[in-house]
Amino acid sequence: MLHMFQSKFIHGVILFSSSVLFGLSNAHAEDARISNPIAIAIHGGAGTISKENFTPEQETAYRNKLKEAVDRGYLVLQQGGTSTDAVIAAIQILEASPFFNAGVGAVYTYDGEHELDASLMDGKTLEAGAVSGVKHVSSPIALARAVKDKSPHVMLSGEGAEEFARQQNRPMVENSHFDTPHRKLQLDKAKQKLNKTEAETDIKSAYQTLPTNFKYGTVGAVAVDKFGNLASGTSTGGMTAKRFGRVGDSPIIGAGTYANNDSCAVSATGHGEYFIRYHVAADICARMQYQDIPLAQAAETVVNQVLVDAGGSGGVIAIDAKGNISMPFNSKGMYRASRKQDEPAYVAIFKTE
Ligand code: ASP
């Protein structure tokens with residue numbers, strides 16, 4: 001902590017004195033700082049994902065889509081865009097793909113609809129925007145950005161969020177726009193199982209017995225731009241057969257999404273109820289900052305110790321201002337990809353990659 005403060009202080013003094021000595025304008029002083037290595041990481045959800053669930057063609061298609069999204073975000077950074085722009089660009093590719101539980105391909109609620117959640121945070125300003133339970137907004141992550149930039153609030157839900165979306169001229173769609181046959185099948189199977197177990201036990205126990213692959217598939221991205229600024233975003237359909245306006249961790253700042261230039265940016269995926277209770281994203285950043293430990297150690301501890309002890313499955317993607325990336329998960333697999341300055345893209349699905 002102390003050395004972080006010292007290095008910032010020294011950095012500031014050097015910039016200030018060089019500006020004074022060489023008569024640099026503020027803009028030039030800003031330029032002198034824009035050499036930060038750029039990097040991005042994305043996820044497409046964690047869960048019971050193993051090789052035998054895929055045909056070779058399906059596996060290739062998933063990998064190609066992850067690569068397309070990470071490359072798209074990286075291009076934004078390469079062209080001098082901000083980390084927020086990069087996060088949005090990558091997430092929008094995944095929202096538009098039927099492979100992931102966000103946007104098109106979102107899971108169904110118990111009542112056969114889609115209720116979408118998303119959030120976004122800027123690590124420089126700590127400004128954030130989030131939406132929950134929206135049904136007709138074509139890109140929930142873009143609406144989260146509008147909430148951050150154009151509303152006086154951080155989080156909007158349901159009909160109010162949609163009214164705001166219309167006011168902001170966000171593209172609106174029918175709820176059926178997000179339909180996919182494979183998610184419908186998943187809902188039918190989940191309801192069959194739920195109705196049977198609920199009749200024998202109670203609603204709480206019934207949901208606890210749903211297999212984990214009914215729950216996950218969220219998408220997210222974290223990035224650092226050439227200015228050294230961090231951003232994080234997450235978008236999801238939530239959990240199959242969710243009821244009563246259930247909201248998971250994804251739209252909750254501190255649980256599913258967090259970014260702070262002083263520590264790191266995190267986007268989570270997994271059993272949302274645990275990620276809310278253990279405020280996973282913010283906890284990783286706080287551990288880094290207060291314990292002065294590296295990103296990977298903070299992320300690993302929370303995902304593979306704290307969450308495992310609690311019984312919460314899932315994973316995170318995390319990045320720090322130096323472009324270090326950590327993507328731990330405690331489930332069988334996690335769709336993930338990353339790209340760093342001057343390195344080829346890394347794309348992975350299974351544990352041992
Ligand atoms: N965390 C999300 C939720 O609980 C689900 C996921 O990550 O797939 O809503």
Residues that Lys51 engages under salt bridge (charged side-chain N to carboxylate O under 4.0 Å, His left out), provided they are two or more places apart: Glu59

Residue pair Met334, Met327: steps toward the side chain to side chain contact (heavy atoms under 4.5 Å, CB included) verdict: CA-CA 9 Å; Met334 182 167 85; Met327 303 194 276; 4.1 Å; yes

Are the side chain of Arg63 and the backbone N or O of Ala61 linked by a donor-acceptor pair below 3.5 Å? no

Is the count of non-hydrogen atoms from other residues, nucleotides or ligands lying under 6.0 Å from Lys191 atom NZ greater than 12? yes

Residues Gly256 and Ala281: closest non-hydrogen pair is C-CB, 4.1 Å

Please tabulate, for the side chains in residues 339-348, all donor-acceptor contacts under 3.5 angstrom to protein atoms that are two or more places apart in sequence or on a different chain.
| from | atom 1 | to | atom 2 | distance (Å) |
| --- | --- | --- | --- | --- |
| Arg339 | NH1 | Asp71 | OD1 | 3.0 |
| Gln341 | OE1 | Ile38 | N | 2.8 |
| Tyr346 | OH | Glu353 | O | 3.1 |

Salt bridge check, Arg145 against Asp85: does any charged N sit closer than 4.0 Å to a carboxylate O? yes

Phe329-Tyr335 aromatic ring centre distance below 6.0 Å: no

Would a distance-only check, ignoring hydrogens and angles, find a side-chain to backbone donor-acceptor pair under 3.5 Å from Gln168 to Leu143? no

Smallest heavy-atom separation, Val224 atom then Gly323 atom, equals CG1-CA, 3.9 Å

Working to the nearest 0.5 angstrom, can you tell me the gap between Ile325 CD1 and Leu295 CG? 9.0 Å

Taking all non-hydrogen atoms of both residues, which atom of Ala86 and which atom of Ala223 are closest, and how far apart? CB-CB, 4.3 Å

Transitive ILVMFWY side-chain link Phe100 to Val70, under 4.5 Å: yes

When rounded to the nearest 0.5 Å, the distance separating CD1 of Ile317 from SG of Cys264 is 11.5 Å

What I want to find out is whether Lys65 reaches Glu68 closely enough, with some N-O distance under 4.0 Å, to be called a salt bridge. yes

Considering residues at least two apart in sequence or located in another chain, which fulfil the side-chain contact (heavy atoms from CB on, under 4.5 Å) criterion with Ala259? Met121, Ser232, Ala265

Within the distance-only criterion (no hydrogens, no angle test), does the side chain of Glu95 pair as donor or acceptor with the backbone N or O of Ile141 below 3.5 angstrom? yes

Could you measure the distance from the CG atom of Leu230 to the CG atom of Asp122? Nearest 0.5 Å is fine. 9.0 Å

Does anything in residues 138-169 form a ring pair (Phe, Tyr, Trp, His ring centres under 6.0 Å)? List the pairs, not counting sequence neighbours. none

Does the side chain of Val131 come within less than 4.5 Å of Val137's, by heavy atoms? no

Contact list for residues 104-120, test side-chain hydrogen bond (donor to acceptor under 3.5 Å, both in side chains), sequence neighbours left out: Tyr108-Asp179, Tyr110-Asn195, Glu113-Lys135, His114-Asp179, Ser119-Thr257

Is there a side-chain contact between Asn229 and Thr82 in this structure, where contact means two heavy atoms from C-beta onward sitting under 4.5 Å apart? no

For Asp320 and Asn324, indicate whether the former's side chain and the latter's backbone hold a donor-acceptor pair under 3.5 Å. yes

Indicate whether any N or O donor in one side chain lies under 3.5 Å from an N or O acceptor in the other, for Glu174 and Ser176. no

Is there a side-chain contact between Pro37 and Lys322 in this structure, where contact means two heavy atoms from C-beta onward sitting under 4.5 Å apart? no

Check whether any side-chain heavy atom of Val306 lies under 4.5 Å from a side-chain heavy atom of Arg287, and answer yes or no. yes

Candidate pair Thr269 and Val316, rule side chain to side chain contact (heavy atoms under 4.5 Å, CB included), full reasoning: CA-CA 6 Å; Thr269 170; Val316 302; over 6 Å; no

Can you give me the closest heavy-atom contact between Met172 and Ala165, atom names plus distance? SD-CB, 3.9 Å

Start with the C-alpha distance between Ile40 and Val222, add both sets of side-chain angles, then the distance that settles side chain to side chain contact (heavy atoms under 4.5 Å, CB included), and finish with yes or no. CA-CA 6 Å; Ile40 182 165; Val222 293; over 6 Å; no

Reported CZ-to-CG distance for the pair Phe178 and Leu116, which is rounded to 0.5 angstrom: 5.0 Å

Test Leu307 against Phe275 for side chain to side chain contact (heavy atoms under 4.5 Å, CB included), laying out the working first. CA-CA 8 Å; Leu307 277 176; Phe275 284 67; 3.5 Å; yes

Contacts satisfying side-chain hydrogen bond (donor to acceptor under 3.5 Å, both in side chains) that involve residues 241-255 (not counting sequence neighbours) are Glu198-Arg243, Arg246-Glu273

Please determine, by modelled atom types, if Asp225 and Asn36 share a side-chain donor-acceptor pair under 3.5 angstrom. no

Considering residues at least two apart in sequence or located in another chain, which fulfil the side-chain contact (heavy atoms from CB on, under 4.5 Å) criterion with Ser157? Ser132

With sequence neighbours excluded, what pairs up with Ala69 under the side-chain contact (heavy atoms from CB on, under 4.5 Å) test? Ile42, Ile93, Leu94

How are the rings of Phe350 and Phe54 set to each other: parallel, tilted or perpendicular (split at 30° and 60°)? perpendicular

Is any side-chain heavy atom of Gln297 less than 4.5 Å from a side-chain heavy atom of Glu300? no

With sequence neighbours left out, write down each residue that passes salt bridge (charged side-chain N to carboxylate O under 4.0 Å, His left out) with Arg72, or none if nothing qualifies. none

Is the Tyr274 ring parallel, tilted or perpendicular to the Tyr278 ring (thresholds 30°, 60°)? parallel

Pair Thr218, Thr236: side-chain N/O donor-acceptor within cut-off below 3.5 Å: yes

Using the side-chain hydrogen bond (donor to acceptor under 3.5 Å, both in side chains) rule, pick out the option among Ser139, Ser138, Ser235 that qualifies with Gln92. Ser139

Heavy atoms, side chains only, cut-off 4.5 Å: are Leu126 and Asn260 in contact? yes

With a 4.5 Å limit on heavy-atom distance, are the side chains of Ile284 and Tyr258 in contact? no

Would you please name every residue forming a side-chain contact (heavy atoms from CB on, under 4.5 Å) with Pro98, sequence neighbours left out? Val104, Thr180

Going by heavy atoms in the side chains, are Asp292 and Tyr290 under 4.5 Å from each other? no

Tell me the ring pair (Phe, Tyr, Trp, His ring centres under 6.0 Å) pairs involving residues 299-324, sequence neighbours left out? none

Approximate separation, where rounding is to 0.5 Å, of Met155 CE and Ile253 CD1: 8.0 Å

CD1-OG1 distance between Ile293 and Thr301, expressed to the nearest 0.5 angstrom: 5.5 Å

Could you work out, with side chain to side chain donor-acceptor pair (under 3.5 Å) as the rule, every residue matching Arg170, not counting sequence neighbours? none

For the pair Gln58 (side chain) and Thr55 (backbone), establish whether a donor and an acceptor sit closer than 3.5 Å, ignoring hydrogens and angles. yes

